[in-house]
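To keep things clear, I will list the structure first and then write my remarks on it.
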Amino acid sequence: MPTVLYFHGGAYYGGSVAGAEMLCRALADFAGCQVISVDYPLAPEHPFPAAPLACYRVLNYLHEHADWYQTTPAGFVLAGDSAGGGLVLTTAYLDRVVFATNWVEKLVLNYPDVPGAQIEDGSSSRNLASRCGPFLSPFPVIP
């Protein structure tokens, strides 16, 4: 069964898995996949890079326990909104470039918060992932 790791939004200091529960339930029901909502450490109590490293640790844990979760050990989908979208990109970068594990297959970005990124031509943030560097080119981005 396809597995989606969902990272909630909240400007990196707020939000919760409880706030994203209905969205995750709908995603699981309508997409026919299992959704694992990740509760990552929030700032300011846990400064950067605590959140992205925690998200990658969840990905690593799921890879190691794929049989228990009845999923494949690779081919995970990362999804998130706002700050969660930024964590999707950071976790994908850790997976593809830093640790070269290549467990992530797809990214779903819902208005991602990517600090420092600028869109100069007025296009929507939906196209932001394609502008964030070559490390994302292997990933199909779901609009």
Side-chain angles (χ1 to χ4, degrees), residues 1-66 69 71-143:
M1 176 183 296
T3 301
V4 175
L5 278 79
Y6 190 84
F7 306 129
H8 65 79
Y12 301 101
Y13 68 88
S16 68
V17 293
E21 180 180 359
M22 295 308 291
L23 179 97
C24 290
R25 287 179 181 268
L27 181 60
D29 289 343
F30 293 112
C33 59
Q34 65 180 334
V35 178
I36 297 172
S37 186
V38 178
D39 191 14
Y40 56 87
L42 302 174
E45 293 83 6
H46 305 280
F48 181 84
L53 291 176
C55 293
Y56 182 80
R57 280 194 300 274
V58 171
L59 178 66
N60 184 52
Y61 180 87
L62 288 174
H63 171 77
E64 291 177 354
H65 298 89
Y69 285 94
T71 189
T72 58
F76 293 103
V77 177
L78 303 182
D81 64 290
S82 188
L87 288 171
V88 164
L89 292 171
T90 307
T91 304
Y93 182 80
L94 291 171
D95 171 64
R96 192 58 60 111
V97 176
V98 176
F99 299 114
T101 48
N102 298 320
W103 298 328
V104 176
E105 184 178 323
K106 295 182 181 169
L107 308 175
V108 181
L109 306 169
N110 191 13
Y111 57 95
D113 178 29
V114 184
Q118 297 178 352
I119 300 176
E120 296 176 5
D121 62 0
S123 62
S124 69
S125 62
R126 173 183 346 191
N127 298 321
L128 186 58
S130 65
R131 299 163 187 248
C132 291
F135 66 88
L136 287 177
S137 58
F139 296 106
V141 177
I142 300 172

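Atom-to-atom distance recorded for Ile36:CD1 and Leu59:CG is 10.0 Å, nearest 0.5 angstrom. The distance from the CG atom of Leu87 to the CG atom of Leu53 is 10.5 Å, given to the nearest 0.5 Å. Atom CG of Leu94 and atom CH2 of Trp103 lie 11.0 Å apart (nearest 0.5 Å).
Partners of Thr71 under the side chain to side chain donor-acceptor pair (under 3.5 Å) rule, at least two apart in sequence or in another chain, are Thr3. With sequence neighbours excluded, the residues satisfying side chain to side chain contact (heavy atoms under 4.5 Å, CB included) with Ala54 are Pro41, Arg57. For Tyr61, the ring-ring contact (aromatic ring centres under 6.0 Å, His included) criterion is met by His65, not counting sequence neighbours. Residues passing the side chain to side chain donor-acceptor pair (under 3.5 Å) test with Thr101 are Tyr56, Asp95, sequence neighbours excluded. With sequence neighbours excluded, no residue forms a ring-ring contact (aromatic ring centres under 6.0 Å, His included) with His46. Residues satisfying the side chain to side chain contact (heavy atoms under 4.5 Å, CB included) criterion with Ala11, sequence neighbours excluded, are Tyr13.
For residues 3-25, every residue pair satisfying the salt bridge (charged side-chain N to carboxylate O under 4.0 Å, His left out) rule, not counting sequence neighbours, is listed here: Glu21-Arg25. The stretch residues 29-49 participates, sequence neighbours left out, in no salt bridge (charged side-chain N to carboxylate O under 4.0 Å, His left out) pair at all.
Annotation for Cys55 and Thr91: closest pair CB-OG1, 3.3 Å, computed over non-hydrogen atoms. Summarising the geometry of Val17 relative to Ser37, their closest heavy-atom pair is CG1-OG, 3.4 Å, with the distance given to 0.1 Å. Considering every non-hydrogen atom in both Leu107 and Ala92, the closest pair reads CD2-CB, 3.7 Å. The minimum heavy-atom distance linking Gly85 with Leu109 is given by the pair O-CD2, 3.6 Å. Nearest heavy atoms, Val4 versus Cys33: CG2-SG, 3.7 Å.
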Evaluation steps, side chain to side chain contact (heavy atoms under 4.5 Å, CB included), between Val88 and Leu5: CA-CA 9 Å; Val88 164; Leu5 278 79; over 6 Å; no
Working for side chain to side chain contact (heavy atoms under 4.5 Å, CB included), residues Asn102 and Arg96: CA-CA 5 Å; Asn102 298 320; Arg96 192 58 60 111; 2.8 Å; yes
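In this structure, Phe7 and Tyr40 have perpendicular ring planes: the angle between them is above 60°, well past the 30° mark.
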Pairs under 3.5 angstrom only: tabulate donor-acceptor contacts from the side chains of residues 72-83 to other protein residues two or more places apart or in another chain.
from	atom 1	to	atom 2	distance (Å)
Thr72	OG1	Ala74	O	2.5
Asp81	OD1	Tyr6	OH	2.4
Asp81	OD1	Gly9	N	3.3
Asp81	OD2	Tyr111	OH	3.1

